[in-house]
2 protein chains.
Amino acid sequence: MSDLEVRQLRYFVAVAEELHFGRAANRLGMAQPPLSRAIREIERQLGVTLLERTTRRVALTAAGEVLLRDARTALAAVTAAGRRAQHAGRSEPTLRLAMKADYDGGLLPQILAAYRAEPAALPLQFVLGGRAQQEPALRDGRADIALLQRPFDDRGLDVEPLLTEPRLLAVAATDPLTAHEQLHLADLKGRFLPDGRAADREDLPPVRATGPGPDGQPARQPRQLDLAQIFNLVELGDSVWFPPASIVRRHPRPGIVHRPVVDLPPLQLALAWPQESHSPAVAAFVRTACEVAAATAPMGTGMATATGT
Amino acid sequence: MSDLEVRQLRYFVAVAEELHFGRAANRLGMAQPPLSRAIREIERQLGVTLLERTTRRVALTAAGEVLLRDARTALAAVTAAGRRAQHAGRSEPTLRLAMKADYDGGLLPQILAAYRAEPAALPLQFVLGGRAQQEPALRDGRADIALLQRPFDDRGLDVEPLLTEPRLLAVAATDPLTAHEQLHLADLKGRFLPDGRAADREDLPPVRATGPGPDGQPARQPRQLDLAQIFNLVELGDSVWFPPASIVRRHPRPGIVHRPVVDLPPLQLALAWPQESHSPAVAAFVRTACEVAAATAPMGTGMATATGT
DNA sequence: GATCACTCATACCCGCAGGGTATCAGTGGT
DNA sequence: ACCACTGATACCCTGCGGGTATGAGTGATC
């Protein structure tokens, strides 16, 4: 039996995600009949049924579930191979760091300064993006290393914890909550984070609509809000927020008050990079960053009590 | 830029491994000109030079090195996707365990007995093979779980150490070494293991020829020897060997004597399985095996002193 | 329960990507 | 200087992947 082709994997993933041949074909920019044929051909090659289909319903079989998961990782691996080779061939090599802007525990300036002194250092390039983009960027070769909030899916990645930083409650200065000097999560019942999650159960998915999306429909997926938008919502009393101490320090803002929350899990930042990376630049960055973090950690945690405005 | 195709990856790997277009084309079962074109096309797509070629010499560039490594893992991921889906589609699902025959620390019978009592258990199927085949079998979807000797390349795998078992020196009963009740590695200087490695430095590659290969040429890669062959070489005084205690127990053999070697690293066995595995059968097997190993470990290590014949 | 809307499968056609053969053109050894 | 070796180029051709038209099964509606 011969290997599947990348094209076949992409087709299958599209159908498995849409569970609808017409929509999947549309997404792939092709007509429906050749897509149906292609899926049949995959099933024939593997000798396995991947989709139960009637003319009214398409559903994944157990084998289909397995293939969907493995096909996604295989596709990411193929994309990564091309991108990494492409990047390695550049005449001026760089180290591409994926991170969420400002989520560096305040350490990045020092890390960069120390890193630039390393002999194996390369010029840095930043791949900014929200949590949802960073880890895929690492997997498909758009970034060489990432500074990520835990927890994240670390399959196929090497991880080095960097620092743990307390988070604070950010709330409008006019809010009655400011009367307390410190709070518990239970005090936040009925409050919402800017992305619509319940403030006292941020582990659960969003439960509040976050305004209409670009198409006028209520947004199902919360839009990615930038810092200015978040501050605005907090200052207006619409939402509360849990910024890490380093962001509070970096963006002082009258009209917003900060309070410690005793049972709020801290922000954990870690470096992650592909296991197959053999780049000395990555190794040097990891080493440098860990040294800087170890030397600075006590100071960083000390900021936990620097609250209020 | 679009993804590379599986075919392109295979072509590149062949050329990068052979460093010779003609041989690579031959290995791929095709003519040389289309292969040359295909490689050029890859370089055009990526905008990167992968191979420095004159008519007399082909060499990998840095980008080529990167692509070779990543292409191999990507190909394994694609193969694995197909194979796992294929296996998941079987009407009678099984758990495929990769292992080297007899390298189970003597625990396998008990593990199997306990595993069969598990509710999530599936019928077992064995994928037997030497060290070099087990770990790739796991990566490309031919096996669901493996019982491996450490150390091995654990990238992309989840690992659970199972047991550590002492190894003994196996030597011909007529050998003068049998005069000592226990030995050091240094005593084995000048002796060889059945595969041609120096007995006092088994971490180094083979230094002694191990007889002609099937083609009459001296074998560069030592052939895989089976237990009977190994015993024979040892009994004849040609080689010494380091069997783990459980194998000594299982295959008593007059004519071969066993002695402890104080500074010989023990055999470490671990279970490994693909990180992306979500199979309850794998989870159940790991749990069961660990329980059995934990319950049996003291007895297993106690066998360390059961030497001689 | 007949009709209808929806959607997946089948039939048939076509263009081009990818492979083959013949040959050219460097390169390094003798 | 010649020769053997090997990668590149030129050109042809076949088969595969995609398009269009249409059939056929399914589930909801009245």
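Chain A is the first sequence line, chain B the second, and so forth, proteins listed ahead of strands; every chain is numbered from 1.
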- Item | Atom pair CG/CZ of B:L148 and B:R131 - distance to nearest 0.5 Å |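 Separation between the atoms: 8.0 Å.
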For a 4.5 angstrom cut-off between non-hydrogen side-chain atoms, does [X] reach [Y]?
| X | Y | result |
| --- | --- | --- |
| B:F192 | B:D238 | no |
| A:L157 | A:F152 | yes |
| B:R72 | B:L68 | yes |
| B:L67 | A:R84 | no |
| A:L60 | A:L19 | yes |
| B:L124 | B:T94 | no |

- With A:F285 via ring-ring contact (aromatic ring centres under 6.0 Å, His included) - residues at least two apart: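 Testing A:F285 for ring-ring contact (aromatic ring centres under 6.0 Å, His included), a comparison that skips the adjacent residues, returns A:Y115.
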- Query: Partners of B:Y11 by ring-ring contact (aromatic ring centres under 6.0 Å, His included), sequence neighbours excluded?
  - Reply: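 Per chain and number, B:Y11 pairs via ring-ring contact (aromatic ring centres under 6.0 Å, His included) with no residue.
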- Starting at the 5' end of DNA chain D and moving along, which residue's nearest nucleotide shows up first, A:T55 or A:Y11?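 Closer to the 5' end of DNA chain D: A:Y11.
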- Heavy atom of residues 24-39 of chain A under 4.0 Å from DNA chain C: which residues?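 Nucleic-acid contacts, sorted: A:Q32, A:P33, A:S36, A:R37.
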- Strand contacts (DNA chain C) in residues 56-66 of chain B, 4.0 angstrom heavy-atom criterion: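 B:R56, in order of number.
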Nearest whole angstrom, please: distance from the [atom2] of [N] to the [atom1] of [X].
| X | N | atom1 | atom2 | result |
| --- | --- | --- | --- | --- |
| B:E52 | D:dG7 | CD | P | 14 Å |
| B:R40 | D:dG7 | CZ | C1' | 9 Å |
| B:R7 | D:dG15 | CZ | C1' | 14 Å |

- Query: Which heavy-atom pair separates B:R142 from B:Q133 by the least distance, and what is that distance?
  - Reply: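 Between these two residues, the closest heavy atoms are NH2-O, 4.4 Å.
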- Task: Using distance alone, with no hydrogens and no angle criterion, decide if A:T61 and A:E65 have a side-chain donor and acceptor under 3.5 Å apart.
- Result: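 Result is no, nothing qualifies.
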- Might you work through the salt bridge (charged side-chain N to carboxylate O under 4.0 Å, His left out) test for B:E18 and B:R27, ending with a clear yes or no? CA-CA 9 Å; B:E18 299 285 347; B:R27 183 173 125 185; 3.0 Å; yes
- Span of DNA chain C in contact with chain A (heavy atoms, under 4.0 Å):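 The contact span of chain A on DNA chain C goes from C:dC6 to C:dC12.
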- End-to-end axis angle, where each axis spans five pairs of the helix from C:dG1-D:dC30 to C:dT30-D:dA1, to 10°: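 End axes: 30° apart.
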- Message: I'd like to know whether B:R10 forms a salt bridge (charged side-chain N to carboxylate O under 4.0 Å, His left out) with B:E17, so could you lay out the CA-CA distance, the side-chain angles of the two residues, the decisive distance to 0.1 Å, and finally the verdict.
- Response: CA-CA 11 Å; B:R10 261 201 300 266; B:E17 284 179 355; over 6 Å; no
